[in-house]
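To keep things clear, I will list the structure first and then write my remarks on it.
Just so you know, ligand 1 is whichever comes first in the structure, and atom 1 is the first atom listed for that ligand.
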Amino acid sequence: MTVHPEVAEALAAGRPVVALESTIISHGMPYPENEAMAREVEGIVRAGGAVPATIAVIDGECLVGLTEDQLHQLATVSGVYKATTRDLPWLLAAGATGATTVAATMKLASMAGIRVFATGGIGGVHRGATTSMDISADLTEMAVTPVAVVSAGVKSILDIRLTLEHLETLGVPVVVNGSDDFPSFFSRTSGLPAPRRLDGPAAIARMLHAAWDVLGLHSGVSVANPIPAEFEVPAEEIAGVIDDALADLDRDGITGQDVTPFLLQRVRERTGGRSLTANLALVRNNAATAAAIAVEYAKLAGHTE
Ligand code: PSU
Ligand code: MN
């Protein structure tokens, strides 16, 4: 594993670091928006007082913190594997290149000593999972890896109720930042209540400190950060598009690892610029919130000030 010198220095000094995933770069957005977004998000983390560490596997090497060239490569090269945790051993043995999902990013972040991670949306329990058994390995990883994942909640391509149920079973703390409702990515609400609520980065950092440094929990923490109100996409607009996307999924017989990218791409195509604008806005918002949480957590962990 190669930790970028800037990231390694910050970690050694106990300064705040925020991990960022790379599936969103290679598989989540088209070029050149993906590269621009990745660079901008790194800038937002810096502006918030933390060091960004975008995580990926390139030519069989785990990278924590990318150079400009490496980030450009992930944004442009085709044939980059989508990599969850179980794909990492193969990528390393084969010398292959993979963009890490939430699960694999958490795993590598944790190995490097990073505790806070910002992304857009997390994987979860798929609709129809009672027969397909399609549940994202993101949830499994959250049960065993002590990293806080700041997301805008769970996209309604998934069964949000069952996702929250499964996180409860796995013993993963779920907290919503500043709202009594659990958010659903494009919307500040999902029709489901927040399992727990805290207001602001300092309070959330205290929860992380309690989880890991006081109680010694081994799990991650899911921090749901609602999209800013001005960027919300109305639920009705999304619902029809998602129903169509799910029908296409059945028709085309898509299964396994391809399910999530397929649904995300269909939603992108059919909601046009509006969903891309919302997506960018919530990722920016999550990066800023994650940086603030990392800054507060570094104080509590007693490493700085
Ligand atoms: N949800 C989104 N955007 C994404 C993903 C999920 O709204 O980009 C990506 C993340 O990388 C996440 C992965 O970790 O999809 C989950 O894939 P799967 O369902 O195959 O575990
Ligand atoms: Mn799956």
Heavy atoms under 4.0 Å from ligand 1: which residues qualify?
Glu21, Thr23, Lys82, Thr101, Val102, Gly121, His126, Ser136, Asp138, Lys155, Phe185, Thr260, Leu264
When you measure from the side chain of Asn285 to the backbone N and O of Pro226, does any donor-acceptor pair fall under 3.5 Å?
yes
For Glu230, does the CD atom have more than 12 heavy-atom neighbours from other residues, nucleotides or ligands under 6.0 Å away?
yes
Using a 6.0 Å cut-off, check whether atom CZ of Arg274 has over 12 heavy atoms from anything other than its own residue.
yes
Provide the closest heavy-atom pair for [X] versus [Y] in the form atom of the first, atom of the second, distance.
X: Phe186; Y: Val267; value: CE1-CG1, 4.0 Å
X: Val64; Y: Ala112; value: CG1-CB, 4.0 Å
X: Phe231; Y: Ala278; value: O-CB, 3.5 Å

Apply side-chain hydrogen bond (donor to acceptor under 3.5 Å, both in side chains) to residues Thr271 and Glu237 and explain how you reach the verdict.
CA-CA 8 Å; Thr271 52; Glu237 202 169 305; over 6 Å; no
Per the side-chain contact (heavy atoms from CB on, under 4.5 Å) rule, which among Asp138, Leu139, Ile135 passes with Thr163?
Leu139
Hey, are Thr145 and Ser110 close enough side-chain-wise for a donor-acceptor pair under 3.5 Å?
no
Restricting to under 2.8 Å, identify the protein N, O or S atoms around the Mn ion (ligand 2) as residue plus atom.
Asp134 OD1
